[in-house]
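Step one of this worksheet: look at the structure below.
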2 protein chains.
Amino acid sequence: MLTRELGLFLKRVVFANNREFFRALQEAGISFTQLKCVGLLVEAGGPMSLGALSEELALSPAAVSRAVDGLVQRGELRREEDPEDRRSKIVSLAAKGRATYDRIIAVRLAGVRSFVEELEPGERDALGSALHPIIERLSL
Amino acid sequence: MLTRELGLFLKRVVFANNREFFRALQEAGISFTQLKCVGLLVEAGGPMSLGALSEELALSPAAVSRAVDGLVQRGELRREEDPEDRRSKIVSLAAKGRATYDRIIAVRLAGVRSFVEELEPGERDALGSALHPIIERLSL
DNA sequence: TATTGTTATACTCTATAACTATA
DNA sequence: TATAGTTATAGAGTATAACAATA
């Protein structure tokens, strides 16, 4: 029962916003995979090898190599040889990449915010009270 | 504050499950766009023209035409001329399409369910109590 | 020899444009 | 002439395989 209701809720909040989100991606001139590359580096909080990116994204090394290449050319990411293993490339976030990520994620959050604003005050309070301990416990 | 927490929550519940979801799609031999076509027909509760599908999916008529063509060939959907306007094609759900949709959506719901099962009883109750009136009011 | 990443090639999905049939 | 849908063509993104450099 809760599973079903939570499923409906997720669908409503996430997918209502999809069109604007993909338009924002297009305007930024960045692909969905490229956004995920940047996002992964943001969340990791530090550099990652190309192989690690490939693993996390569940994409082929070839695809990630191409995606990263585009981002490096645009100045969103940096790519350097690992001095400890020169086969490996270390990919890291440039300031521009961080800004691009924040800008696109803001579009997603705006969708969530507009949903929250549609809630009635009592609904909002109850949702906040329910989510807060979950977020805390799972360290989200 | 609630917006941010809800955003983290959504991300956690939806994307934790993505890998299995896309594997299920691949095993079903159906593309994401094709799943959305079928899903739209399921939710509409009746047939739609190809143009209406194209509009709802925000995809070109050409892309939807190809996606539907594949689904028709596999027996997931039916496509017939509209007797009232023979330029228009009426696309409707076949039993196989409905079954395919249910099977793939079950994978998504399994992800939601496993999240719900991770919750502690008090968290689960609070979340259910918060979501229920929202679902009711928005008729989700 | 094995591993990391890149390049070559083929495939899928998409949009735009040209086209067919119907209105 | 306009509209609904299909087919032709080109572009983006991906996987597999072949390759280069390093271990």
Can you see if the side chain of A:S88 gets near the phosphate of C:dG5 - specifically, an N or O under 4.0 Å from OP1 or OP2?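 Checking A:S88 against C:dG5: at least one side-chain N or O falls below 4.0 Å of OP1 or OP2.
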Minimum heavy-atom separation for [X] to [Y], with atom names?
X      : Y     : answer
A:P47  : A:I90 : CB-CG2, 3.4 Å
B:L40  : B:L53 : CD2-CD2, 3.8 Å
A:G111 : A:N17 : CA-ND2, 3.6 Å

Roughly how far apart are A:Q73 CD and A:R79 CZ, rounded to 0.5 Å?
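A:Q73 CD to A:R79 CZ: 8.0 Å, rounded to 0.5 Å.
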Starting from [atom2] on [N], measure out to [atom1] on [X] and report it in whole angstrom.
X     : N      : atom1 : atom2 : answer
A:E80 : D:dA21 : CD    : P     : 21 Å
B:D69 : D:dA4  : CG    : C1'   : 15 Å
B:Q26 : C:dT12 : CD    : C1'   : 12 Å
B:L35 : C:dC13 : CG    : P     : 13 Å
B:L50 : D:dT3  : CG    : P     : 17 Å
A:L53 : C:dT4  : CG    : P     : 14 Å
A:F22 : C:dA15 : CZ    : C1'   : 16 Å
B:Q73 : D:dT6  : CD    : P     : 12 Å

**Asked** Can you name the one residue among A:V112, A:L127, A:V13, A:L131 that meets side chain to side chain contact (heavy atoms under 4.5 Å, CB included) with B:F9?
**Response**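 Only one of A:V112, A:L127, A:V13, A:L131 forms a side chain to side chain contact (heavy atoms under 4.5 Å, CB included) with B:F9, namely A:L131.
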What nucleic acid atoms does B:S54 come within less than 4.0 Å of, heavy atoms only: base, sugar-phosphate, or nothing?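 Counting heavy atoms under 4.0 Å across all strands, no contact is made by B:S54.
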Exercise. Do A:L10 and A:F15 touch side chain to side chain, with heavy atoms closer than 4.5 Å?
Worked result: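 No, their side chains stay 4.5 Å or more apart.
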Table of protein N/O atoms under 3.5 Å from nucleotides 13-17 of chain D N/O atoms:
from   : atom 1 : to    : atom 2 : distance (Å)
D:dT14 : OP1    : A:T33 : OG1    : 2.3
D:dA15 : OP2    : A:S60 : N      : 2.8
D:dA15 : OP2    : A:S60 : OG     : 2.6

Kindly indicate, with the supporting measurements, whether the criterion side chain to side chain donor-acceptor pair (under 3.5 Å) is fulfilled by B:N18 and B:R23. CA-CA 8 Å; B:N18 264 7; B:R23 183 148 27 85; over 6 Å; no
| Is the backbone N or O of A:G29 less than 3.5 Å from a side-chain atom of A:R74, with the two atoms forming a donor-acceptor pair by type? |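 Yes, the answer is positive, given that a donor and an acceptor are paired below the 3.5 Å cut-off.
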task: Would you kindly confirm whether A:L138 and B:L2 end up in one hydrophobic cluster when ILVMFWY residues are joined by side chain heavy atoms under 4.5 Å apart?
output: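 Looking at the clustering, B:L2 is in the same group as A:L138.
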Do any N or O atoms of the protein come closer than 3.5 Å to N or O atoms of nucleotides 19-23 of chain C, and which pairs are they?
from   : atom 1 : to    : atom 2 : distance (Å)
C:dT22 : OP1    : B:R86 : NH2    : 2.6
C:dA23 : OP1    : B:R86 : N      : 3.2

